[in-house]
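Encoded as structure tokens, the structure appears first; notes follow it.
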Amino acid sequence: MSLAIGIIGAGVMGADHARTLATQVGGAKLVAVSDPDEARACEVARAHEARRHHTDGFALIEDPAVEAVIVASPDHTHAGMVLACLRAGKPVLCEKPLAPTMAECRELIEAEHRTGRRMIQVGFMRRFDPGYAAMYATLSSGRLGRPLLMHCAHRNAAAPGFFTPEMSIANAAVHEFDVARWLLGLEAVAVTALRSTSKANGALRDPILLLLEMQNGVLVDIEIFMNAAYGYDIRAELVCENGTVELGRPASNLVRNEGEEARTFPGDWRGRFGDAYRLQLQAWIGNLRGKEHGGAGALDGYVATLIAQAALRSLVSGAREEISPDAFIARTYHGREGS
Ligand code: ISE
């Protein structure tokens, strides 16, 4: 029997998840879509033969036809939607960030803890990208020795007009925070945001350079450039004791013409990470069926927001900001309640 999935949000990511789920993932069926814009909800539902649509995400969660939920609504709505899923006993795959504030992330972790099982997966899809997975395997093989540095670049062709410096960090850089923690198996202990000459108009500081200090003295530098103009380009290189490993580019054809040789860049993350989104959805369905396929959990969402908050403080202060995992994590995850 296919699992009946509802998607909250019929914007760029909601529509993309709907398409991937309906056309490339087994064991699940899209049954409902919600969006405050009814025409949009209806269009995405109809395109993938989902029979139900709602204008309210909470109504979709309560819909008896829906067994599990994908949350792809605007970032500030995530916490309320995820909490409602937990209350309704429905597992949820929430787009990143899990929530923009620490208080909301804590509330979600506690609510999940009370259910006694894993209910939340966070959409850090890069963990499923074949390129990052190959980097992980190379590092794990031990042949490169210990990691020393990681270089990351995160470039978008053009940010939407509503993008703020907060979003460059809380919406974009969080992917880098998560993938660095996951690849290196280390936690971040401090972050410094360095200001550069800004290309962007208004308040958006762009590009931003972040320096993450990880445990064991490993350093991670991260360029976030939301208006890089030429295309969507994600880079990563691990520098280790005995060599380096660099993230490959997904196959794109090499065109030779008029004395030039050129490759194309995808316009945005849907083209670049199509495989990762598909594999993430398939793994989530596997998890729901009791087969462990991993993926980021609520604690990973919490830590990404913890680092993002410190990076935002640093962007304002210009100073190095320490990241101290608070007592909350220890209490919740290491059974030290009350100690
Ligand atoms: C966007 O929201 C994403 O999730 C993309 O993966 C990221 O690369 C992009 O910068 C974000 O704006």
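Order of listing sets the numbers, starting from 1, for every ligand and every atom in it. All residue numbers in this chain count up from 1 along the given sequence.
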Distance only, no hydrogens: is a donor on one side chain within 3.5 Å (strictly under) of an acceptor on the other, for [X] and [Y]?
X	Y	value
Thr101	Glu104	yes
Arg127	Tyr136	no
Glu223	His154	no

Quick one: which residue pairs count as a salt bridge (Lys or Arg N to Asp or Glu O under 4.0 Å) with a foot in residues 61-88, not counting sequence neighbours? Arg52-Asp63
Using atom types as modelled and distance alone, determine if a side-chain donor or acceptor of Thr305 lies under 3.5 Å from a backbone N or O of Ala99.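 It does hold such a pair.
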Between ligand 1 and the protein, which N/O pairs are shorter than 3.5 Å?
unit_1	atom_1	unit_2	atom_2	d
ligand 1	2 (O)	Lys96	NZ	3.1
ligand 1	2 (O)	Asn171	OD1	2.7
ligand 1	4 (O)	Lys96	NZ	2.9
ligand 1	4 (O)	His175	NE2	3.2
ligand 1	6 (O)	His175	NE2	3.0
ligand 1	8 (O)	His154	NE2	2.9
ligand 1	8 (O)	Tyr232	OH	2.5
ligand 1	10 (O)	His154	NE2	2.7
ligand 1	10 (O)	Asn156	ND2	2.8
ligand 1	12 (O)	Asn171	OD1	3.0

Starting at CE of Met214, measure out to CG of Leu148 and round the result to the nearest 0.5 Å.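 Nearest 0.5 Å value for the CE-CG distance: 13.5 Å.
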